[in-house]
Amino acid sequence: MQVLSVTSELYPLIKTGGLADVAGALPLALRGHGIETKTLVPGYPALMKAIRNPVKRAEFADLLGEQAVLLEANHDGLDILILDAPTLFDRPGGPYVDPNSRDYPDNWKRFAVLSKAGAEISAGALPGWQPDLVHAHDWQAALTPVFMRYSEMPERPSLLTIHNIAFQGQFGAEIFPYLGLPVHAFAEALEYYGGISYLKGGLVTSHAISTVSPSYAEEILTPTFGMGLEGVIASRADDLYGIVNGIDATVWNPSTDPHLAAHYTAASLKKRQANRSALEARFALDSDGGPIFCVISRLTWQKGMDLLAEVADTLVAAGGKLVILGSGDHGLESGLLSAAARHKGRVAMVVGYNEPLSHLMQAGSDAILIPSRFEPCGLTQLYALRYGCVPVVARTGGLADTIIDANEAALAAKAATGIQFESGSAEALRSAIRRTVRLYGAAKVWSQLQKQGMKCDVSWGRSAERYIDLYQRLVSKGQ
Ligand SMILES: Nc1ncnc2c1ncn2[C@@H]1O[C@H](COP(=O)(O)OP(=O)(O)O[C@H]2O[C@H](CO)[C@@H](O)[C@H](O)[C@H]2O)[C@@H](O)[C@H]1O
């Protein structure tokens, strides 16, 4: 089966969060099962610089008024189609924001053009190749099934995956004429409270919808988590699937990871100590025996980073240490930096995005804190399981689905893999921290927790099979 994946991020070439990891790992997991994926991404400067020997495969004279060239290249086993449209994508800054962290004003056009290119490729714009199915990711690619629906060409089956419903691609109705869609598409698919929602358009027109854990698939049917789209999703409930993410177990492997001070396995956990010492040195932490908690996160309200700032004093009073790696909201960042200033040697923070450091933190910390208010799946708890870093997670979405709380019954059954607490509550987070410190003090119980976590299968294996089933069902229905 041939699949076209359309995405705005792709690990290892361009990443701001978990979408990149999934878009980069899923094609590799599916390949062994006879599914060949070509992944369409924008030609951002970092990506154009990193790819080797791109081949020109097609030219678009008019993608919503823009010219673009379609390049194809192979990178780390991924077959990549690059939409080279310098007027839209050749800019300093990130994929979505300028160097001052402001959204590009023409994001509506940048990602409409990406989606339009996806639809054209699905209809045969790439000489000699046509996908059996199109898999679009998040709002940035959500117009792909919309353009496919309203094209004159026969429509291919499509799947839209929601990685985070908080980002919906909402724009004013005045952009509608520039999308080149028939007038009735506005009311049928795109209209959202008088404006336009790209994600809604994709939810209405794709043949199936998936999200990244079974719990989140249920949560987004409710007003609290659906963020205004719960009604639209409910109307598609028969076509909604929750498939938990896996991780790339070759990139995240503590016995081979090039970013660690020492390699280890579940049978040689003592060797983690060298990573712990490296982390203490890197963050100028005291070198006493208290547990090190880490946080690796975008700094946002979703991720509960305001709660983290609130509980830092409790964590230190309980004897713990905290290392934070993150970037995002400046208010949240300064709250955490001031906790670090108050607790030198106990709390430390690196502001920014640093992939190698995130690996060392997983290998050298004792526990990872994930106080998200909502979490479609979450990947850092899965990396943590593999690295013997015990996840302390809010009970929501994919976090609830992937971590088994260390309650007495689960501990007795040797099934526990982490600690869960009620999401959105600073008090619950405080008591989870105290509970973690107590468990850490019971060395045997703690190493049992670490080992149980390391035994979990967090690879793509089972989830890849679920995607294959879904792809096959859509293709055999002809949609
Ligand atoms: N400062 C930093 N430096 C280095 N690395 C950093 C970093 N901040 C974050 N990361 C990395 O970025 C990724 C974040 O993935 P998550 O799944 O935790 O959340 P995100 O909200 O981005 O993804 C959304 O999509 C994914 C994929 O479906 C869902 O799992 C998730 O729930 C949903 O919110 C991880 O690989 C993490 O290590």
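A quick note: this is a predicted structure, and the numbers were derived from the prediction, not measured. Side chains are part of it too, since the values below use all heavy atoms of this structure and drop only hydrogens, waters and symmetry mates. Every number for a ligand or one of its atoms is a count from 1 in the order of the listing.
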Practice prompt. Determine whether any heavy atom of G352 lies closer than 4.0 Å to an atom of ligand 1.
Written response: yes

Discussion item. Consider side chain to side chain donor-acceptor pair (under 3.5 Å). Of T300, T224, D306, T396, which one does R373 pass it with?
Written reply: D306

Discussion item. Quick check against the 3.5 Å criterion: does T417 have a side-chain atom that pairs as donor or acceptor with the backbone of Q452?
Written reply: no

Worksheet item: What pair of heavy atoms forms the shortest contact from T16 to R298, and how long is it?
Response: O-CD, 3.9 Å

Discussion item. Can you confirm if the NZ or CZ of K116 lies within 45° of the ring axis of F147 and under 6.0 Å from the centre of its six-membered ring?
Written reply: yes

Worksheet item: So which heavy atom on D366 is nearest to which on W446, and how close?
Response: O-CZ2, 3.3 Å

Worksheet item: What protein heavy atom is closest to atom 12 (O) of ligand 1, reported as residue, atom name and distance in Å?
Response: K15 CE, 3.5 Å

Discussion item. Please classify the L379 to ligand 1 contact at 4.0 Å (heavy-atom distances, strictly less than): side chain, backbone, both or neither.
Written reply: both

Fill in: Mode of N245 contact toward ligand 1 - side chain, backbone, both, neither (heavy atoms, under 4.0 Å)
side chain

Worksheet item: Heavy-atom distance under 4.5 Å between the side chains of I324 and V350, does that happen here?
Response: no

Practice prompt. Check whether the ring centres of W139 and F171 lie less than 6.0 Å apart, and answer yes or no.
Written response: yes

Fill in: Heavy-atom nearest neighbour in the protein, as seen from atom 19 (O) of ligand 1, with distance rounded to 0.1 Å
K303 NZ, 3.0 Å

Practice prompt. Check each of G328, G18, P356 against atom 15 (O) of ligand 1 and report the one with the nearest heavy atom.
Written response: G18

Discussion item. Looking at non-hydrogen atoms alone, which of L382, T380, T161, I324 comes nearest to atom 37 (C) of ligand 1?
Written reply: T380

Fill in: Those atoms of ligand 1 less than 4.0 Å from some heavy atom in N164
34 (O)

Worksheet item: Does Y383 have a heavy atom less than 4.0 Å from any atom of ligand 1?
Response: yes

Fill in: Numbering as shown, the atoms of ligand 1 that approach V22 to under 4.0 Å (heavy-atom distance)
27 (C), 28 (O)

Discussion item. Measuring from non-hydrogen atoms of G378 to any atom of ligand 1, is the shortest distance under 4.0 Å?
Written reply: yes

Worksheet item: Between Y471 and H135, does the ring centroid distance fall short of 6.0 Å?
Response: yes

Item to complete: May I ask you to check whether N107 and R110 show a side-chain donor-acceptor distance below 3.5 Å?
Response: yes

Worksheet item: Which residue supplies the protein heavy atom nearest to atom 3 (N) of ligand 1, what is that atom called, and how far is it?
Response: N354 N, 3.0 Å

Worksheet, complete the sentence: of all protein heavy atoms, closest to atom 21 (O) of ligand 1 is R298 NH2, 2.6 Å

Worksheet item: Could an N or O of ligand 1 be found under 3.5 Å from any N or O of E375, whether backbone or side chain?
Response: yes

Discussion item. Could you check whether R430 and T314, counting side-chain N and O atoms only, form a donor-acceptor pair closer than 3.5 Å?
Written reply: yes

Worksheet entry | Side chain proximity check, L308 to L336, heavy atoms < 4.5 angstrom | yes

Worksheet, complete the sentence: Numbered in order shown, the ligand 1 atoms found under 4.0 Å of a heavy atom of G326 are 1 (N)

Worksheet entry | Reported CG-to-CD1 distance for the pair L322 and I292, which is rounded to 0.5 angstrom | 10.0 Å

Item to complete: Enumerate the atoms of ligand 1 whose separation from the nearest heavy atom of P376 is less than 4.0 angstrom.
Response: 32 (O), 33 (C), 34 (O)

Practice prompt. Provide the number and element of each atom of ligand 1 under 4.0 Å from a heavy atom of S297.
Written response: 8 (N)

Fill in: Q302 neighbourhood, listing ligand 1 atoms whose heavy-atom distance to it stays under 4.0 Å
34 (O)

Practice prompt. Could you check F111, Y44, F89, Y104 and say which one makes a ring pair (Phe, Tyr, Trp, His ring centres under 6.0 Å) with Y96?
Written response: F111

Worksheet item: Would you say C377 and ligand 1 have an N/O pair spaced under 3.5 Å apart?
Response: yes

Worksheet, complete the sentence: of all protein heavy atoms, closest to atom 6 (C) of ligand 1 is Y353 CE1, 3.4 Å

Worksheet, complete the sentence: Here the atoms of ligand 1 under 4.0 Å from any heavy atom belonging to D21 are 13 (C), 35 (C), 36 (O)

Worksheet item: Which atoms of ligand 1 have any heavy atom of H163 under 4.0 Å away?
Response: 24 (C), 25 (O), 27 (C), 28 (O), 33 (C), 34 (O)

